[in-house]
Amino acid sequence: MTTPEPARESRCPAHPAGTAPVSLSGPRFHTEPHQLYREMRREHGPVVPVELPGGIPAWLIVNYHEMHQVTSDPELFPRDVSLWNQWPNIPDDWPLLPMIQKPQPSIYFTAGEAHRRHASLVVPALESVDPFELRYTCEQLSDRLIDSFCSRGEADLVSEFAKPLPVLALARLLGYTDPEGTAVARALGELVDGGEGAMRAHQDYLALNHQLIKNKRVEPGDDITSWMLAQDGFTEEEVALNVKDVMGAAFVTTADWIGNSIRLMLTDDRFAAALGGGRHSVGQAMNEVLWEDTPTQILAGRWAARDTLLAGQQIRAGDLVMLGLAAANADPLIQQQFAPSQGGNSAHFSFSHGEYRCPLPAQEIAEIIARTAIEVLLDRLPDVDLAVPAPTLVRRPSTFLRGMTAIPVRFTPIRPTGDQL
């Protein structure tokens, strides 16, 4: 008779006995997240014991103050996945491995001095982007995408506009040719959808990334990849991984920023076309989305460097602390204090905070891409409107990212202005 294997002690170090963790999955995270966060805050306080797929324990921060505390202390809560006390329990096919990866030599998967070293490569590279040239590029790409559907009088603004545009714009910045950028857009679009072809799409993208590095080593250009390769002290592998991080971090979030902003402007009376044809500013809608409907809902993460107390919860060394960016933005105390949706307040956590936050030039690039896309769309299709009732719009089924699966619209057909992609 086989003796059952005893449970590992590291299986559940995070949660005290008798505390039922909240499953960090389920439809409520994309149908009614704010109500769910209110319930978490009421039942557990600012720091919530949660359970990831496979019964993996973690903590989720849902209050603004504690979010600021954790993200402002990179020594106590570094983004150092090597500290994780759950690695013995993580199988090779764990579904969150693409998001929570083992350390790699790149800006996103290192901590401390190693992170700062990679930031010294990536941040200046992003700063080298000319914002006026980027806006012109985004205007061109937006026009080409709109040309591909404008004569039909109907479109899906997610699959035909919001999703491909950021990839094509970022591909140009990184040095891909337009045909290569289209291939990258196709691969990443399939990868994000997570269907049967996701693994093949991932391999296709890695091959494109590898070929980009090879091409730019032989024939450098005026692009981010060539700039990185020209710097001393970094290997081609490190450049390739940092290029992959730039694209991976910016693609989906920028696409969802565009899509969520378009959804807001088409469904909220404050932004819908008025009798005189006017609209609230695109910038106001985009800022409100970052507060109320942020593309990144939950971010992994931080790992406790030692045992500590956080809002009365006993956090053990190596525990994973998930950043509930959307929950912190919706903290009632901060909402009352800042009234964020009523103005240009940008004290949200949508780009995280502290040493590991999204670099400022990356934020500026994302804003230029998103804002230009929406402005060109509204200029070209001024009478665009939803083709389905607003309540039937469906969110992508994700706990961590918030975006639309589709935004079907109708409009008066117009003639294309140029060549199609």
Side-chain angles (χ1 to χ4, degrees), residues 24 26-42 46 48 60-68 71 157-158 162 166 252-272 279-299 322-353 357-358 363 366-367 369-371 373-375 378 386 389-407:
L24 210 59
R28 294 189 67 197
F29 281 98
H30 45 94
T31 59
E32 50 179 17
H34 292 308
Q35 175 61 31
L36 183 57
Y37 294 139
R38 282 194 291 270
E39 293 173 9
M40 288 185 185
R41 192 178 288 112
R42 183 174 63 249
V48 181
L60 176 66
I61 302 175
V62 295
N63 272 24
Y64 194 96
H65 176 268
E66 283 70 23
M67 181 72 71
H68 190 275
T71 54
L157 292 183
V158 172
V252 178
T253 52
T254 306
D256 286 344
W257 196 4
I258 295 171
N260 292 353
S261 298
I262 291 173
R263 184 209 63 83
L264 175 64
M265 298 187 78
L266 294 179
T267 59
D268 192 308
D269 288 342
R270 293 171 300 134
F271 295 96
R279 293 176 184 263
H280 277 252
S281 73
V282 171
Q284 182 179 346
M286 290 174 60
N287 189 64
E288 183 163 333
V289 162
L290 293 180
W291 274 103
E292 309 289 348
D293 201 23
T294 182
T296 304
Q297 296 279 293
I298 298 174
L299 188 64
M322 310 285 286
L323 306 182
L325 307 181
N329 287 347
D331 186 332
L333 292 179
I334 212 67
Q335 288 273 331
Q336 293 172 10
Q337 180 178 347
F338 286 155
S341 63
Q342 301 304 314
N345 189 295
S346 58
H348 52 72
F349 276 105
S350 292
F351 296 108
S352 190
H353 175 71
R357 73 176 298 169
C358 176
Q363 298 178 38
E367 181 175 6
I369 294 172
R371 183 164 188 155
I374 300 169
E375 288 176 348
L378 298 182
L386 284 177
T392 66
L393 292 175
V394 178
R395 297 283 184 177
R396 192 167 59 249
S398 171
T399 299
F400 303 94
L401 300 172
R402 186 163 175 82
M404 310 304 301
T405 59
I407 303 179

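The one candidate from L290, T254, V252, I258 that meets the side-chain contact (heavy atoms from CB on, under 4.5 Å) condition with P295 is L290. Evaluated for a side chain to side chain donor-acceptor pair (under 3.5 Å) with D256, the options R396, R395, R263 yield exactly one hit, R396.
In this view, P46 and N63, E66, A311 satisfy the side chain to side chain contact (heavy atoms under 4.5 Å, CB included) rule, not counting sequence neighbours. Scored by the ring-ring contact (aromatic ring centres under 6.0 Å, His included) test, H30 finds no partners at all (sequence neighbours excluded). Evaluation of the side chain to side chain contact (heavy atoms under 4.5 Å, CB included) rule for S398 yields F400, L401 as partners, not counting sequence neighbours. Shown here are the side-chain hydrogen bond (donor to acceptor under 3.5 Å, both in side chains) partners of E32, two or more places apart in sequence or in another chain: R28. When the side-chain hydrogen bond (donor to acceptor under 3.5 Å, both in side chains) test is applied to E375, the partners found at least two apart in sequence or on another chain are R135, R371. Evaluation of the side chain to side chain contact (heavy atoms under 4.5 Å, CB included) rule for A328 yields M67, F349 as partners, not counting sequence neighbours.
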Q) Would L393 and T405 satisfy side chain to side chain contact (heavy atoms under 4.5 Å, CB included), going step by step from the backbone distance to the final call? A) CA-CA 8 Å; L393 292 175; T405 59; over 6 Å; no
Q. Can N260 and M404 be said to form a side chain to side chain contact (heavy atoms under 4.5 Å, CB included), step by step?
A. CA-CA 7 Å; N260 292 353; M404 310 304 301; 3.9 Å; yes
**Q.** side chain to side chain contact (heavy atoms under 4.5 Å, CB included) assessment of T294 paired with R402
**A.** CA-CA 7 Å; T294 182; R402 186 163 175 82; over 6 Å; no
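No more than 12 heavy atoms of other residues, nucleotides or ligands shown are found within 6.0 angstrom of NE2 on H65.
Annotation: side chain of L264 is in contact with side chain of E288 (closest heavy-atom distance under 4.5 Å). The side-chain heavy atoms of L323 and T71, taken from C-beta on, include a pair separated by under 4.5 Å. Annotation: side chain of T296 is not in contact with side chain of S350 (no heavy-atom distance under 4.5 Å). In this structure, the side chains of V48 and R41 stay at 4.5 Å or more apart for every pair of heavy atoms. Under the 4.5 Å side-chain criterion, counting only non-hydrogen atoms from C-beta, S261 is in contact with I374. M286 is listed as a side-chain neighbour of W257, based on a closest heavy-atom distance under 4.5 Å.
In this structure, Q363 contributes its side chain and F351 its backbone to no donor-acceptor pair below 3.5 Å.
Looking at every heavy atom in both residues, H348 comes nearest to W291 through N-CZ2, 3.5 Å. Of all heavy-atom pairs spanning T399 and L24, the tightest one is OG1-O, 3.5 Å.
Atom-to-atom distance recorded for I298:CD1 and L60:CG is 5.0 Å, nearest 0.5 angstrom. Here L36 contributes atom CG and F29 contributes atom CZ; the two are 4.5 Å apart, rounded to the nearest 0.5 Å. To the nearest 0.5 Å, atoms CD (Q35) and CD (E39) are separated by 4.5 Å.
Ring geometry, Y37 versus H34: the interplanar angle exceeds 60°, so the pair is classed perpendicular (tilted spans 30 to 60°).
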